[in-house]
Amino acid sequence: AQKITQTQPGMFVQEKEAVTLDCTYDTSDQSYGLFWYKQPSSGEMIFLIYQGSYDEQNATEGRYSLNFQKARKSANLVISASQLGDSAMYFCAMRGTGTASKLTFGTGTRLQVTL
Amino acid sequence: DAGITQSPRYKITETGRQVTLMCHQTWSHSYMFWYRQDLGHGLRLIYYSAAADITDKGEVPDGYVVSRSKTENFPLTLESATRSQTSVYFCASSDPGRTDTQYFGPGTRLTVL
């Protein structure tokens, strides 16, 4: 079974600053995938970034990067140069091996970007 | 390109009534999923389907029924709605590949009175 833990229910960051959202996971699988989704106040779930367990480099997508530390079982999302539009809920999720692409989600972190 | 759509977007019903939430995707993705989102729980998987006529239970399947006669459609039925099924329901789809990334519909907000 997989488990995702997001320990920060809410965070504040000033505009243009970088912010790190924490995610730790638990699995006995050797091959797995880690995902981050954004959920703005409008409610939709937006895919941000993916990291495979065998990927040698940390994933990056524009201002988003994933700080993947396999030994620590952590997959933190880093948002650089925060913008007001980054204010949203952020969910970390995991797909294990042989799980028919099913995702296990964390409980989310609410990020508020301030002026 | 419509992607993945859900209908209705909002629904109010009464305890004991049958409700069907629709999900349609235009990508021909083989996998489809239903999640519910409740405060404090993140998203929890209700049912999923690997292909037409192949469905399986997720983490919280009780009280729900699914079918998938066509690849593009994956309806979710609450046979006898209960107040505990008040939630936001998301449909998602994915295609097997390196990442198996799931893409979500806009969600349906269901209230059971």
Side-chain angles (χ1 to χ4, degrees), chain A residues 1-10 21 23-25 29 31-56 59 61 64 66 68 75 88-110, chain B residues 2-6 8-11 23 25 27 29-51 54-61 66 68 74 87-110:
Chain A
Q2 287 87 36
K3 184 176 181 180
I4 295 285
T5 302
Q6 294 181 254
T7 57
Q8 306 154 313
L21 306 184
C23 172
T24 58
Y25 59 92
D29 292 339
S31 176
Y32 49 88
L34 295 154
F35 302 79
W36 278 91
Y37 287 85
K38 173 184 178 181
Q39 186 177 41
S41 58
S42 52
E44 70 268 32
M45 294 288 289
I46 301 167
F47 165 69
L48 294 179
I49 195 166
Y50 165 84
Q51 178 82 44
S53 58
Y54 290 118
D55 292 343
E56 294 185 349
E61 290 286 350
Y64 304 109
L66 203 152
F68 181 46
M89 281 288 287
Y90 289 82
F91 291 95
C92 181
M94 175 177 187
R95 169 185 50 75
T97 302
T99 56
S101 301
K102 293 182 290 184
L103 292 177
T104 299
F105 283 83
T107 53
T109 296
R110 181 171 297 282
Chain B
I4 183 165
T5 57
Q6 294 182 235
R9 295 293 314 280
Y10 303 90
K11 177 73 176 179
C23 178
Q25 54 108 352
W27 293 310
H29 284 170
S30 55
Y31 283 100
M32 295 188 75
F33 308 84
W34 275 107
Y35 295 89
R36 60 177 290 172
Q37 183 178 25
D38 305 290
L39 279 174
H41 288 282
L43 276 76
R44 292 180 292 175
L45 183 65
I46 304 170
Y47 269 95
Y48 67 99
S49 169
I54 301 175
T55 62
D56 207 347
K57 296 178 181 179
E59 181 185 354
V60 289
V66 294
R68 195 170 177 203
F74 191 39
S87 187
V88 179
Y89 291 84
F90 285 98
C91 179
S93 70
S94 71
D95 222 19
R98 191 182 84 83
T99 70
D100 287 350
T101 298
Q102 291 187 24
Y103 295 93
F104 285 77
T108 293
R109 184 175 294 275
L110 176 68

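Being a predicted model, the structure only gives us computed values, none of them experimental. Quick note: numbers below take in every heavy atom, side chains included, and nothing from hydrogens, waters or symmetry partners.
Scanning for side-chain contact (heavy atoms from CB on, under 4.5 Å) contacts around E61(A) gives I49(A), with sequence neighbours left out.
Both the backbone and the side chain of L43(B) come within less than 4.5 Å of a heavy atom in chain A. Looking at Q39(A), the atoms closer than 4.5 Å to chain B (heavy atoms on both sides) all sit in the side chain, from C-beta outward. Heavy atoms of E59(B) lying under 4.5 Å from chain A are absent altogether.
With rounding to the nearest 0.5 Å, the separation of OG1 in T101(B) from CG in L103(A) is 8.5 Å. A distance of 13.0 Å separates CE of M45(A) from OH of Y103(B), quoted to the nearest 0.5 Å. A distance of 12.5 Å separates OG in S94(B) from NZ in K102(A), rounded to the nearest 0.5 Å. Rounded to the nearest 0.5 Å, atoms CD (E44(A)) and CD1 (I4(B)) are 13.5 Å apart.
Around atom CZ of R110(A), no more than 12 heavy atoms belonging to other residues, nucleotides or ligands sit under 6.0 Å away.
Side chains of F47(A) and Q102(B) form no contact here, defined as non-hydrogen atoms less than 4.5 Å apart. By the 4.5 Å heavy-atom criterion applied to side chains, L45(B) and F105(A) are not counted as neighbours.
Aromatic ring centres of Y37(A) and F104(B): separated by under 6.0 Å.
The two atoms that bring F91(A) and Q37(B) nearest to each other are CZ-NE2, 3.3 Å, heavy atoms only.
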